[in-house]
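Below you'll find the structure, written out as structure tokens, and then a few comments.
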Amino acid sequence: MKAKANDDFVVPRSVAVIMDGNGRWAKQAGLERIRGHERGIDAVRTTVTECARLGVQALVLYAFSEENWQRPQREIDLLFKLLKRFLTEELSTLMKNGVRLLHSGRRDRLASDVLDLLDRTVAATAGNTGMKLSLAISYGGRQEIVDAARALAAKVASGAMRATDIDEAAIHAHLYQPSLPDPDLLIRTAGERRISNFLLWQVSYAEIHVADVCWPEFGAEHLHAAFRDYGRRTRKFGKVL
Ligand code: IPE
Ligand code: IPE
Ligand code: MG
């Protein structure tokens, strides 16, 4: 593999983050899990602002998975309360940084007040031309592929499309946010080395960076470390270089 200088810092075009370890951070600090989620919002603000400043074009943050619906109702309620607080309080930060908000995920299980606020924030930031920020909420990678398959099947059944027209581009066009490029870099915090049903279609050639710190501790210096790690990778896409 090509050796590169240690200080190689490359800003990826597209970044995805599995924000993990809020509960562990809180436990270590002798606090309730929800305090970890609360502190996680500060890390979201830092990462969003720093990615926008550095010129990342697309950032997807995994905020609530399809499987997270199996958590205790009290934790779910508090997580959505925090999401509503984030959408209300951080709108000015999004506007100031030219960030355009999007949602990746299923809408059917989200409460109407959450959907309203999400839709209003998406609309309020729709004219921003800087970084796209998609919040993956009620998101599952397998569910996204199922939904795309259903939409394509419906088009074939209605005669709008032929089965042989289904190719990679057609599947991409039926993902939740087709305007987002595939992630170049996938970051996961809290040391876990798994995908947990995140962007299964899109990560096929993403570089993976695992940070050992829990999400509430993830600051600009950890993001920079991830970009340096990314800068040292040789991306081959199956070819011989
Ligand atoms: C990530 O932190 C946030 C969500 C999944 C909503 P966790 O809540 O998973 O924290 P740990 O993994 O239990 O430490
Ligand atoms: C993945 O973290 C989901 C989010 C970060 C929103 P989890 O904590 O839910 O994943 P597992 O259970 O450790 O795989
Ligand atoms: Mg976790």
Side-chain angles (χ1 to χ4, degrees), residues 14-48 51 58-87 89-90 101-111 114-115 117-118 121 133-147 175-177 180 183 185-203 206-219 222-223 226:
S14 178
V15 178
V17 186
I18 303 176
M19 309 183 290
D20 198 18
N22 291 352
R24 272 163 282 176
W25 177 87
K27 197 175 170 200
Q28 283 156 20
L31 302 167
E32 266 193 286
R33 290 179 57 81
I34 194 66
R35 299 286 158 239
H37 299 313
E38 235 167 48
R39 280 292 288 269
I41 291 194
D42 297 336
V44 169
R45 188 186 311 107
T46 303
T47 292
V48 167
C51 282
L59 173 65
V60 187
L61 297 179
Y62 204 6
F64 192 87
S65 73
E66 184 71 29
E67 290 74 26
N68 289 152
W69 287 112
Q70 298 166 70
R71 291 192 177 196
Q73 192 57 46
R74 191 180 110 85
E75 179 166 342
I76 295 174
D77 291 345
L78 287 165
L79 276 167
F80 280 100
K81 206 171 136 188
L82 281 177
L83 172 67
K84 285 191 283 177
R85 198 200 288 173
F86 171 81
L87 291 171
E89 292 178 2
E90 303 301 327
L101 190 82
L102 301 167
H103 169 229
S104 298
R106 281 188 176 165
R107 294 171 63 89
D108 55 353
R109 292 178 84 171
L110 297 177
V114 171
L115 278 175
L117 194 52
L118 203 48
T121 314
L133 165 66
S134 191
L135 295 181
I137 302 163
S138 199
Y139 176 87
R142 287 190 168 186
Q143 290 77 12
E144 182 174 37
I145 294 169
V146 166
D147 289 349
L175 297 175
Y176 294 134
Q177 292 299 345
L180 296 177
L185 175 66
L186 172 68
I187 299 172
R188 183 163 186 154
T189 58
E192 301 298 349
R193 285 157 168 78
R194 57 176 169 265
I195 300 291
S196 300
N197 204 15
F198 192 38
L199 303 177
L200 295 182
W201 176 270
Q202 298 90 327
V203 296
E207 296 296 329
I208 300 175
H209 173 87
V210 174
D212 285 329
V213 291
C214 291
W215 178 249
E217 303 167 301
F218 191 84
H222 302 103
L223 185 72

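Because only heavy atoms are used, hydrogens play no part in the values below, and waters and symmetry mates are left out as well, while side chains stay in. Both ligands and their constituent atoms are indexed starting at 1 by order of listing.
Between G21 and ligand 1 there is a heavy-atom distance shorter than 4.0 Å. Heavy atoms of E192 come nearer than 4.0 angstrom to ligand 2 in no pair at all. Heavy-atom separations between R188 and ligand 2 include at least one value shorter than 4.0 Å.
Within the 4.5 Å cutoff, no side-chain heavy atoms of L186 are placed close to those of L199. For the pair E217 and R39, the minimum side-chain heavy-atom distance is 4.5 Å or more. Residues L117 and F80 form no side-chain contact, since every pair of their non-hydrogen atoms from C-beta on lies 4.5 Å or further apart. Within the 4.5 Å cutoff, the side chain of S138 has heavy atoms near those of the W69 side chain.
For atom 5 (C) of ligand 2, the closest non-hydrogen atom of the protein is M19 O, 3.4 Å. Residue, atom and distance of the protein heavy atom nearest to atom 7 (P) of ligand 2 are R71 NH2, 3.9 Å. Closest protein heavy atom to atom 2 (O) of ligand 1: N22 N, 3.2 Å. Scanning the protein heavy atoms around atom 14 (O) of ligand 2, the nearest turns out to be S196 OG, 2.6 Å. The shortest contact between atom 8 (O) of ligand 2 and any protein heavy atom is with D20 OD1, 3.1 Å.
A donor-acceptor pair shorter than 3.5 Å cannot be found between the side chains of D147 and Q143. A donor-acceptor pair shorter than 3.5 Å can be found between the side chains of H37 and E75.
Ligand 1 places these atoms under 4.0 Å from at least one heavy atom of R24: 11 (P), 12 (O), 14 (O). Shown in contact with R194 at under 4.0 Å from a heavy atom are these atoms of ligand 2, numbered in order with element: 11 (P), 13 (O), 14 (O). For ligand 1, the atoms closer than 4.0 angstrom to any heavy atom of N68 are 5 (C).
Taking CG of L87 as the reference point, atom CG of L82 lies at 11.0 Å (rounded to 0.5 Å). For the atom pair I208 CD1 and L185 CG, the distance stands at 9.5 Å (nearest 0.5 Å).
The backbone of F64, and not its side chain, has at least one atom closer than 4.0 Å to an atom of ligand 2 (non-hydrogen atoms only; backbone = N, CA, C, O). With a heavy-atom cut-off of 4.0 Å, A63 touches ligand 2 through its backbone alone.
Here D20 reaches the Mg ion (ligand 3): one of its N/O/S atoms is less than 2.8 Å from the metal.
Although no hydrogens or angles enter the test, the distance criterion places a donor-acceptor pair under 3.5 Å between the side chain of R193 and the main chain of G191.
Looking at R33, H37, E75, it is R33 that brings a heavy atom closest to atom 13 (O) of ligand 1.
In terms of polar-atom proximity, G23 is counted as a contact of ligand 1, with an N or O under 3.5 Å from an N or O of the ligand.
Partner N197 forms a side chain to side chain donor-acceptor pair (under 3.5 Å) with one of R142, E66, E67 and no other, that one being E67.
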